[in-house]
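See below for the structure under consideration.
Counting from 1, the numbers follow the sequence of the chain as shown.
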Amino acid sequence: MTLVGVIAPAAIYPEVTDMIIPIILGVIAAALAENDDKLSGRVKAITLTLICFAIASFSIEFLFATPLYFAVGLFVSTFAFIMLGAIGPRYASIAFGSLLIAIYTMLGANQSTSIWLQPLLLLGGAIWYYLLSMIWYLIWPLQPVQHNLSDVFLKLANYLDAKSELFYPVSDLVPQPHRIAEAQLNASTVQALNVSKATLLNRSKKGHVDSASDRFLNIYFLAQDIHERVSSTHYRYQELASEFSRTDVLFRFKYLLECYAQACRNIAESIRVGKEYKHDSKSILALDELQSSMAFLEGQNRPQWRQPLVQLGYLFNNLTTVEKQLNNVNNPDVEKLEDEELYDTEVHTLSAMWQRIKSNLNRRSMLFRHAVRMSIALTLGYGIIKTFNIEMGYWILLTTLFVCQPNYSATRQKLVARIIGTLAGLLIGVPLLTILPSVESQLITILISGIAFFVFRKANYGYATGFITVLVLFCFHQLGEGYAVVLPRLMDTIIGCLLAAGAVTLILPDWQSRKIHTVMAEAVLANRKYLLQIIGQYRVGKKDNLNYRVARRDAHNHDATLSNSISNMLAEPGRYRTSVDECFRFLTLNHALLSYVSALGAHRTRLDNESTHQLVLDAHRVINQHLELLEKSLYDRVPHSDSSVLCSNDIEQRLSEWREEDDSSARMVLQQLYLIYRMLPELHSLSGNLAVRTHQQIES
C-alpha cells in the first residue's frame, strides 16, 4: 500500500519520476527502523526516528562538500548510533535506520540541487510509511501479538517432533545427536518466547499488560508451562529404549508427542487468523491407548520393568497435563496465574539509559566492538570512494552496513547471501529491463520488487537482496542509468563485503572460543538458580511467581546462548575453534541437566514428610556445591583440584535407596536429583579438559 502511494503519482505524472527514488528509500529505511509498540509508544518512537533521520540526512548534505569533516562525522555518528542500541532493541532499530538514511542521502548527494530537497523527500517517504503504519495499527492493534504467539506454538511443534525422535525403542540408542538437535530447536523456541514476551511488554505498563492483550498473555503463560513440561526429562532415554525395545509402549509415547506437535501447529494457525481452536480427539484417544498399554505391561509383573514403568508413569502424568493445557487454549483463564506481571527489562529514564550505554563502553562489550568495527569500516569505505573517485561508490557503505554483523558467523551468512542475491538480482533484472520497456510496466516491477523485499527481508536475506537489486536497477533506469549501474553495483557489493569481512576478522575480533567458557559458566549458574527456585517450592507448594518464571526463562536463555555460541564457533576459521567434541558434549549435558531440572519444575508440589524434605535439602546442598565449583572452574579456566565437595559420602546411596520408596512425589523428586548427581563427575571432567585446552590455545 505504501509503495503504491509512492509509485502511482509517477505513473500519472512522468515528470516527477526522478523524485520517487528518495521517497522509496525513505519508505525502506522507515520500515527497517520500525518496532512494534502500543499507541503512545509508537508515537514517541516515530517522533524520535524522524528526528534521528533528519539529523542524519541533513548532516550528510551539510558536510558532503568537506571530505575531512565528513569522514570525522561519519566515524563519530556511526559509533554513537550503534552505541544507542545498548538502551534496547527499539533504539538499535532506530540507530540502524538512521545510518541507512544517511547512506541513502549519500547515494543522491552528487545529483542534489539543494541541500533541502533530498532530505525532505527521504523524510517524506518515512512519514508516508509511518502514517499508513499507524492506520494499520489502529485497525489491527493486536496483529503483532497474534503473529508472535503463533510463532511460539510453531516452534513448540518442531521441538515436540524432535523430542518424539528419542522414543524409538532400539537397544543401542545414542541420545547425544538427538540432544544436540533438541538443544538447537529449544533455542529457537526460547527465542520465539522472548519475542512474544517483548511484544506483550510493549503493551504493558511497568510489566502489567493491558486488558485488550490479557487473553494472549494467559496463552503466553500457558505456552511457557507447556514448554517447561515438554523440555523435561524423567529418565535416561537409552535405558528406557533398552528395557522396552520389544514392546510398543515407546512407539505410543512417540505417536502422542507427534499428536501434540500437530495440535500446536493447529493452535498456531488459529491464533494467527483469529479463529477458535478446536482440539482434535486423536491425542485423547492416544492417551487412553497409552494408559492401557502401560497397564498391560504392569500386569506382566516383571521385576526388571518395575522401576522403568514408574518413570513412564511420571512421563505419562506430565503429558496428561500437557493435554489439559492444549485443551484450555480457548479458555486460558481456567488456570490464571496469581502473579501476571512480566519481567520488564526496558529502561524508562534518561539516567538509566545512560547507565546502559556507559556499561557497554568497554572492549568486553560485543556492542562496543561492533560499533568500533562499523565506524572504522564505513570510514575506510568512504576513504576508498574518495581515493579512487568511485562515482557510485556509496553502495560500498550500504553493503558494509548490511553485511557487517556483531560476530563472524552472522557476517559470513550475510556476506554469502548478499553476493548471491546481488548476482541473481542483476541476472534477472537486466533482461527484464529489455523485456519491459514501458514506464508503466517498470513501475509495476518496482512495486512488486519492493513488496517482495519486505516479505523476504527477515525470512531470507538472499532473496531480499535479489529483489532490492531489481528495484534499484529499475529505479535508476527511470533516470536513464539502468544498464550503467550493473557493474558498479556488483563491484561495490564485492568491496563492501570485503570491508565487512575484514572488519569482523581484524578489528577487535570476537571469536567464540575465547569466551565459550564464560557462556558455559553462565549456563551452569542459570541452571543452579532455577533449581534453587524449584527446591524452595517443595516446601511451600507450587507458585508460578515472577521470580520463578524469571529463573526458568534465564536457564533456557543461557542454554540457547550456549547452543548458538557453539554453532557460531563452528562457522569460524579452524584455527579459532577449540575442543569441538568437548563443547558438544558439554552442550548435551547442560541441556540434559536443564531437562532434569525442568521435570522437577513441572511436578512441583509440597512435600509434607519432614525426613523426605530434609533429604531433598541435603541432596540439593551437595548438588549446589558441585555446580558452584563447576561454575568457578569455567569462569577461571582452571581445573580446580578441591575434591572435598565431590565426596558427598552417603548422598548418592541415600538418593538411590529412596528412589524405591512408594511415595510417588518424593520418589520423583529424589530420582531427578539422583539423575542430576550422576552427571556431575563428567561435567567436572569436561570443564577441566576445556580449561587445559583454552590455556594451550592462549599460549600458542
Side-chain angles (χ1 to χ4, degrees), residues 22 24-37 41-42 44-57 59-60 73-107 119 122-123 125-127 129-130 133 195 198 202 346 353 356-357 360 365-379 381-382 394-407 410-411 413-415 417-418 421 453-454 456-459 461 464-465 468 496-497 499-500 503-504:
I24 289 174
L25 295 178
V27 168
I28 293 171
L32 294 177
E34 185 182 33
N35 266 288
D36 174 59
D37 209 335
R42 276 176 175 264
K44 292 176 185 176
I46 289 171
T47 303
L48 178 60
T49 302
L50 292 175
I51 291 172
C52 289
F53 278 17
I55 293 171
S57 188
S59 296
I60 297 299
L74 179 61
F75 183 93
V76 173
S77 60
T78 300
F79 183 83
F81 274 129
I82 292 177
M83 289 307 300
L84 191 67
I87 301 173
R90 177 185 312 164
Y91 294 89
S93 296
I94 293 172
F96 178 82
S98 300
L99 288 172
L100 187 59
I101 209 80
I103 296 173
Y104 282 160
T105 308
M106 297 177 205
L107 289 173
L122 288 165
L123 287 171
I127 291 169
Y129 174 84
Y130 285 133
S133 176
V195 171
N202 289 337
E346 293 291 316
M353 291 177 183
R356 281 273 183 97
I357 295 173
N360 278 274
S365 166
M366 181 185 292
L367 186 67
F368 176 82
R369 290 166 177 253
H370 182 55
V372 172
R373 282 189 218 116
M374 190 67 82
S375 301
I376 294 173
L378 292 182
T379 307
Y382 176 70
Y394 293 100
W395 280 331
I396 294 173
L397 306 188
L398 190 64
T399 299
T400 303
L401 177 65
F402 275 102
V403 171
C404 189
Q405 299 296 304
N407 62 65
T411 300
Q413 290 176 358
K414 287 275 188 178
L415 186 149
R418 184 82 180 185
F453 167 75
F454 285 116
F456 288 106
R457 66 190 173 98
K458 291 183 179 180
Y461 182 68
T465 301
I468 201 67
C497 286
L499 278 173
V504 80

Closest contact, heavy atoms only, [X] versus [Y]:
X: M106; Y: L74; answer: CE-CD1, 3.9 Å
X: I101; Y: A29; answer: CD1-CB, 3.5 Å
X: C404; Y: H370; answer: O-CE1, 3.3 Å
X: I103; Y: L397; answer: CD1-O, 3.6 Å
X: A377; Y: L499; answer: O-CD1, 4.0 Å
X: V403; Y: K414; answer: O-CB, 3.8 Å

Between the side chain of [X] and the main-chain N/O of [Y], is any donor-acceptor distance below 3.5 Å?
X: S98; Y: I94; result: yes
X: T379; Y: I376; result: no
X: T411; Y: Q405; result: yes

Residues at least two apart in sequence or cross-chain that pass side-chain contact (heavy atoms from CB on, under 4.5 Å) with A80, listed by chain then number, are none
Partners passing side-chain contact (heavy atoms from CB on, under 4.5 Å) against N35 (at least two apart in sequence or in another chain):
R90, S93
Spacing of [X] atom [atom1] and [Y] atom [atom2] [to the nearest 0.5 Å]:
X: R457; Y: L32; atom1: CZ; atom2: CG; answer: 5.5 Å
X: L100; Y: F53; atom1: CG; atom2: CZ; answer: 7.5 Å
X: I46; Y: I51; atom1: CD1; atom2: CD1; answer: 12.0 Å
X: Y91; Y: T49; atom1: OH; atom2: OG1; answer: 9.5 Å
X: I468; Y: L398; atom1: CD1; atom2: CG; answer: 9.0 Å
X: R418; Y: T465; atom1: CZ; atom2: OG1; answer: 5.0 Å

Salt bridge (Lys or Arg N to Asp or Glu O under 4.0 Å) pairs, two or more places apart, involving residues 395-407:
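Listed once each, the pairs would be none.
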Side chains of F456 and Y461 in contact at under 4.5 Å (non-hydrogen atoms):
no
Counting C-beta onward and ignoring hydrogens, is there a side-chain heavy-atom pair between M374 and L378 closer than 4.5 Å?
yes
Residues forming a side-chain hydrogen bond (donor to acceptor under 3.5 Å, both in side chains) with [X], sequence neighbours excluded:
X: S365; result: N360
X: Y129; result: E34
X: R373; result: none
X: T399; result: none

Going by ring-ring contact (aromatic ring centres under 6.0 Å, His included), name the residues that satisfy it together with [X], two or more places apart in sequence or in a different chain.
X: F454; answer: none
X: F402; answer: F96
X: F368; answer: F79
X: Y130; answer: none

Could I get the full list of salt bridge (Lys or Arg N to Asp or Glu O under 4.0 Å) partners for D36, not counting sequence neighbours?
R42, R203
side-chain contact (heavy atoms from CB on, under 4.5 Å), that's the test. Do F81 and C52 meet it? Break it down for me.
CA-CA 9 Å; F81 274 129; C52 289; 4.2 Å; yes
Scan I24, T105, I127, I28 and name whichever one has a side chain to side chain contact (heavy atoms under 4.5 Å, CB included) with L122.
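Among I24, T105, I127, I28, the one that satisfies the side chain to side chain contact (heavy atoms under 4.5 Å, CB included) with L122 is T105.
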